[in-house]
Structures are given as C-alpha cells and as structure tokens.
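The block underneath contains the structure these notes are about, expressed in structure tokens.
All residue numbers in this chain count up from 1 along the given sequence.
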Amino acid sequence: MKSSGKWARALSILKEFEEKCGTPSSKLKQVADAMTVEMHAGLVSEGGSKLKMIISYVHNLPTGDEKGLFYALDLGGTNFRVLRVHLGGKESRVVKQEFEEVSIPAHLMTGSSDELFDYIASALAKFVATESDSQHVSPGRQRELGFTFSFPVRQTSISSGTLIKWTKGFSVEDTVGQDVVGELTKAIERAGLDMRVAALVNDTVSTLAGGRYNNPDVAAAVILGTGTNAAYVEHAHAIPKWHSLLPKSGEMVINMEWGNFRSSHLPLTEYDQALDAGSLNPGEQIFEKMISGMYLGEIVRRVLCKMAEEAAIFGDTVPPKLKIPFILRTPHTSAMHHDTSPDLKVVATKLKDILEISNTSLKLRKLIVEVCDIVATRGARLSAAGIVGILKKLGRDTVKDGEKQKSVVALDGRLYEHYTKFRTCMENTLWELLGEEASENIAVEHSMDGSGIGAALLAASHSQYIEVEEP
C-alpha cells in the first residue's frame, strides 16, 4: 500500500497546483481590466503604476513610402546584429537586406564603456565596408542608423536615452547614467565612420515598426521570448504626462514594460512566490515570471521537486540534479509537452539527459507532461488576457455600430515562435475572451525578426532628410 499512498500524494500536489493555476474566463477578464487600469495610471504620471508606460518618442511609424539605404544595430544580449536595408518605396518595398551577427567577448561585458562601444563600432565599420557599388547612400548624405537597445533606458528624445541599469549579464558600470547614443556616436567617430543614429528604440517598439510597415492595421506588438514586453500606438492627447507639443501625427508609441505588471487577480502559487523570492529582482517582473520563457521550465522543476520530496516520485532520495535552479529550461519542457510517442520517449530521454533520472514509469511520465501543460496553459492564457487589456485601452475589444476597424497584434519571440502548444492556447484564449463578433476584427501576426528590420525602418521614418524630399 505504501507506494499507492505516495502516488495519491503526488496526485494531490498536482491537483492543488492545477486549481491554484486556474484561469477561467472570468478571472482573465479581471486581469485584462486590471491591465487597462494600470495602463491609464502609468500614462498619467511617472511612477503612477507598476507599468512604466515609457514614452518612446516614436510618432512617425513607417508607412511603406520610405526609400534609400539604412542601417540597424540590434543589441539585446550576448550577440548583436548589424543590418543593412535597401528600401524602394511603395512599389518595391524592401529591395534587399543583409545582416551579420557578432558575439561579444565575455570580458567586454564587464569592462569599460569605451571598449564595449569601440568593439561594436568597429564591427559596424567592417560591415559598412562591404557595401556594393550599387548600394551607396546619395552623395553628400550621412548614413543613418536605427539602434535597438534592449536594456532599461530613460528615453529623452527619438535619438537619445540614458541607461538606467544593465541586465542579462552585462555590468559596464561607466555606461550607467550615460546617453547610450552618445556613447555609440563617439565610438563611431573614433572608428572613422560617417554615420548618425536616427532612432533609439527597444525591441518591442521596433517589432511594432516592422509589423506596421507590412500591415498598416498593426496597433500593438508583443514579445514572448526569454522575457516579455508589449508596445502599442496611443493617441498623443491621451497621455497626460506628455508635456511637450503634440506630434503632427497625433500618435505616440508607448513601451509598456508589461513584464512588471502585477495584480491580485494573477493566479500566483507557492512555487511562483518561492521563485520570485530567490530571484535577482524580488517583487519585480511578476507577470514576466509567470509567462516568459526564462521561467516556465523553472516553475515545472519546482513542482517536480516538491513531488520528489513529499511523494518520492523518483525514489527515496531527491535526484541531486533536480535541486539545481534553472537546470530545466523551457525548450526542454516544451519538448516534453509536445511528445506524441505512445511511450513518451522524449520525456524519458529528457529526464535522463538533463536530470540523470532513468527508468521512470509511463504513469509518471504522463504526470510530468501534465505539469508542463498546467504551467504553459496558465502562461499562454495570461498573455492573452494582457493583449485584451491593451485592446480594451484602445477601445478595440468590442465592435462599435457597423465599425469594421481591423486591429492587428504583431508577435515575436522564441517562446511564441517555437512553443506550438503555448501559441495555440494563447490565440484560442484571445478569441474566447473577445467573443465571436469582436474576434473578426482582430488578428495576430508573427512578425519575424521584426526588431532588426524595424530599427532600420524607424531610422528611415525619422531621417533628417525626409523634409528635403517632400514637395
């Protein structure tokens, strides 16, 4: 009887976890409403909300008319990319695009600001040197660059912003508090390159720009990857904390920093609380910790750990590897979740390769797949609720009399792209929350590498030469 008692304990841990992670429509609607409320509060005043609602200074989104040769630099982690995009206006759109990926040596991630930016600028200069004869900028013109910089920045104009702090393993102390465009510009000058940074944006804003270029109905962009964030197009007059002149376009892109959203309606469990308490930023990025790729595998690991401790599912001792935080990555749990083999062979292989756990029963492997399913389903449904919150803020979550305004949400990020069950669940939840009628006017589009090309497009739409060309 002993083993059946343990199994019953494992099932009760699973059942309790499933109940605590529950996301019925009614709860998700409360989450969406809370998101809308926080958005309003964040637009009224700095620090007025958990959502930073950062004014991006992007008010000219690409229209498709952009012409010429533009560059982009996408720095968001241990690699950066340089891109060259040749735009041909309405008729020929993107004539040609080329890019190169460069990895940053570890010592530069903790060295001096000059060393880091000199390294980036020299890679940029090398890349510029590969321009073909047909691909030069017009004589007398400076090359223009869009700079996607995915670290916390206090934006001060379309082409300037001070670094608040480094994340993702960088700690170049003398850049903190500096204008990152200033740092890059000085390095570009030292490299002997004639180039101007026309736009500084984060990856969510450039994904929005890339999406808008391909589809004028794009109203928001969401990144679901290692981390998560959202940006959308707001009416400039609906931003009380904006004290300058209203832009001609009447629009302003807002970078929500929605990973920091939190609400009493979020279905938090003891595992989430323990994960948060042991993290580098306790009390922050709660929404991100429930839905993004960095954390889903870790939540699964914590649940399995409790089952191993209290129900001995892996035998009398807890497997040592299972005790290592973040050893189970989301790609691993995704592979287990998608296992369709009759004997769940993939699950067995992952357990053996990553956690050094062998000879598991089929019953146990099924239990593990269920844990993966509960975690992914909650994350997917919450991200759908967040999107509904944005649509609500824009008044696009319902159908006004006879109005047929299309709203498209551009999505990017590895989690969205590669975790099929997550993506399908998120999209289905979106339609469930919006209802049949409103769903007809809403679409979700995958904006492949929106952030790289988006930065080049923003350099084009904020070019210093635009006025010259207009008749």
Only pairs at least two apart or in different chains count here, so list each ring-ring contact (aromatic ring centres under 6.0 Å, His included) that has a residue in [range].
| range | result |
| --- | --- |
| residues 341-398 | none |
| residues 357-400 | none |
| residues 338-386 | His338-Tyr419 |

* Asked: Can His446 and Asp412 be said to form a side chain to side chain contact (heavy atoms under 4.5 Å, CB included), step by step?
  -> CA-CA 6 Å; His446 183 195; Asp412 198 14; 3.4 Å; yes
Check whether any side-chain heavy atom of [X] lies under 4.5 Å from a side-chain heavy atom of [Y], and answer yes or no.
| X | Y | answer |
| --- | --- | --- |
| Lys406 | Asn215 | no |
| Ser407 | Asn441 | no |
| Leu415 | Leu296 | yes |
| Leu61 | Val253 | yes |
| Glu432 | Asn428 | no |
| Ser447 | Asn214 | no |
| Lys241 | Ile55 | yes |

Nearest heavy-atom pair of [X] and [Y]: which atoms, and what distance?
| X | Y | answer |
| --- | --- | --- |
| Pro267 | Met290 | O-CE, 3.5 Å |
| Ala72 | Ala455 | CB-CB, 3.9 Å |
| Lys52 | Glu46 | O-OE1, 4.4 Å |
| Ser49 | Glu38 | OG-OE1, 2.7 Å |

Excluding sequence neighbours, so at least two apart, what forms ring-ring contact (aromatic ring centres under 6.0 Å, His included) with [X]?
| X | answer |
| --- | --- |
| His265 | none |
| His40 | none |
| Tyr232 | none |
| Phe287 | Trp258, Phe261 |

Can you tell me how far [atom2] of [Y] sits from [atom1] of [X], rounded to the nearest 0.5 angstrom?
| X | Y | atom1 | atom2 | value |
| --- | --- | --- | --- | --- |
| Cys305 | Ile313 | SG | CD1 | 9.5 Å |
| Leu200 | Ile158 | CG | CD1 | 7.5 Å |
| Thr207 | Ile453 | OG1 | CD1 | 11.5 Å |
| His235 | Ile254 | NE2 | CD1 | 11.5 Å |
| Gln285 | Leu280 | CD | CG | 12.0 Å |
| Arg414 | Ile223 | CZ | CD1 | 11.5 Å |

* For atom CZ of Arg93, is the number of surrounding heavy atoms from other residues, nucleotides or ligands below 6.0 Å larger than 12? ->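 More than 12 within 6.0 Å, yes.
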* Asked: Counting heavy atoms not belonging to Tyr119, are there more than 12 under 6.0 Å from its OH?
  ->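 Correct, the count exceeds 12.
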* Asked: Should Trp166 and Thr110 be marked as a side chain to side chain contact (heavy atoms under 4.5 Å, CB included) after you check the CA-CA gap, both sets of side-chain angles, and the distance that decides it?
  -> CA-CA 10 Å; Trp166 286 107; Thr110 53; over 6 Å; no
* To do: Test Ile286 against Leu268 for side chain to side chain contact (heavy atoms under 4.5 Å, CB included), laying out the working first.
  => CA-CA 9 Å; Ile286 298 299; Leu268 281 164; 4.1 Å; yes
* Asked: Can you name the residues that form a side-chain contact (heavy atoms from CB on, under 4.5 Å) with Lys306, not counting sequence neighbours?
  ->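 With sequence neighbours excluded, Lys306 shows a side-chain contact (heavy atoms from CB on, under 4.5 Å) to Arg9, Ile13, Glu270, Tyr271, Glu310, given in chain and number order.
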* Quick one: list whatever passes side-chain contact (heavy atoms from CB on, under 4.5 Å) with Pro24, sequence neighbours left out. =>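 If we apply the side-chain contact (heavy atoms from CB on, under 4.5 Å) test to Pro24, skipping adjacent residues, the hits are Ser26, Lys27.
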Output yes when a side-chain donor or acceptor of [X] lies under 3.5 Å from a complementary backbone atom of [Y], and no otherwise.
| X | Y | result |
| --- | --- | --- |
| Arg396 | Leu391 | no |
| Asn229 | Glu257 | yes |
| Ser56 | Asn255 | no |
| Ser383 | Ala380 | yes |
| Ser103 | Asn79 | no |
| Arg301 | Leu328 | no |
| Thr330 | Gly293 | yes |
| Glu298 | Phe326 | yes |
| Thr228 | Gly259 | no |
| Arg423 | His418 | no |

* Asked: Can you list every pair that meets side-chain hydrogen bond (donor to acceptor under 3.5 Å, both in side chains) and has a residue in residues 275-284, with sequence neighbours left out?
  ->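 Residue pairs passing side-chain hydrogen bond (donor to acceptor under 3.5 Å, both in side chains), neighbours aside: Asp276-Lys289, Ser279-Asn281, Ser279-Lys289, Asn281-Lys289.
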* **side-chain hydrogen bond (donor to acceptor under 3.5 Å, both in side chains) partners of residues 173-183, not counting sequence neighbours, each pair once** =>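 Qualifying pairs, neighbours excluded: Ser113-Thr175, Ser113-Glu183, Glu183-Lys186.
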Does a salt bridge link [X] with [Y], judged by any charged N lying under 4.0 Å from a carboxylate O?
| X | Y | result |
| --- | --- | --- |
| Lys366 | Asp373 | no |
| Lys15 | Glu18 | no |
| Asp272 | Arg378 | yes |

* Asked: Under the side chain to side chain contact (heavy atoms under 4.5 Å, CB included) criterion, do Leu184 and Leu73 qualify, and how do the steps go?
  -> CA-CA 10 Å; Leu184 178 61; Leu73 167 63; 3.8 Å; yes
* **For Lys392, the option from Thr36, Thr398, Asp33 that meets side-chain hydrogen bond (donor to acceptor under 3.5 Å, both in side chains)** =>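 Result: among Thr36, Thr398, Asp33, Asp33 is the only option passing the side-chain hydrogen bond (donor to acceptor under 3.5 Å, both in side chains) with Lys392.
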* Residue of the set Val388, Ile387, Leu51 for which side chain to side chain contact (heavy atoms under 4.5 Å, CB included) holds with Met35 ->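 So, applying the side chain to side chain contact (heavy atoms under 4.5 Å, CB included) to Met35 and each of Val388, Ile387, Leu51, only Leu51 qualifies.
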Distance-only criterion, 3.5 Å: show the donor-acceptor pairs between side-chain atoms of residues 342-360 and protein atoms not counting sequence neighbours.
from   : atom 1 : to     : atom 2 : distance (Å)
Thr349 : OG1    : Lys345 : O      : 2.9
Glu356 : OE2    : Lys321 : NZ     : 3.0
Thr360 : OG1    : Arg365 : NH1    : 3.3

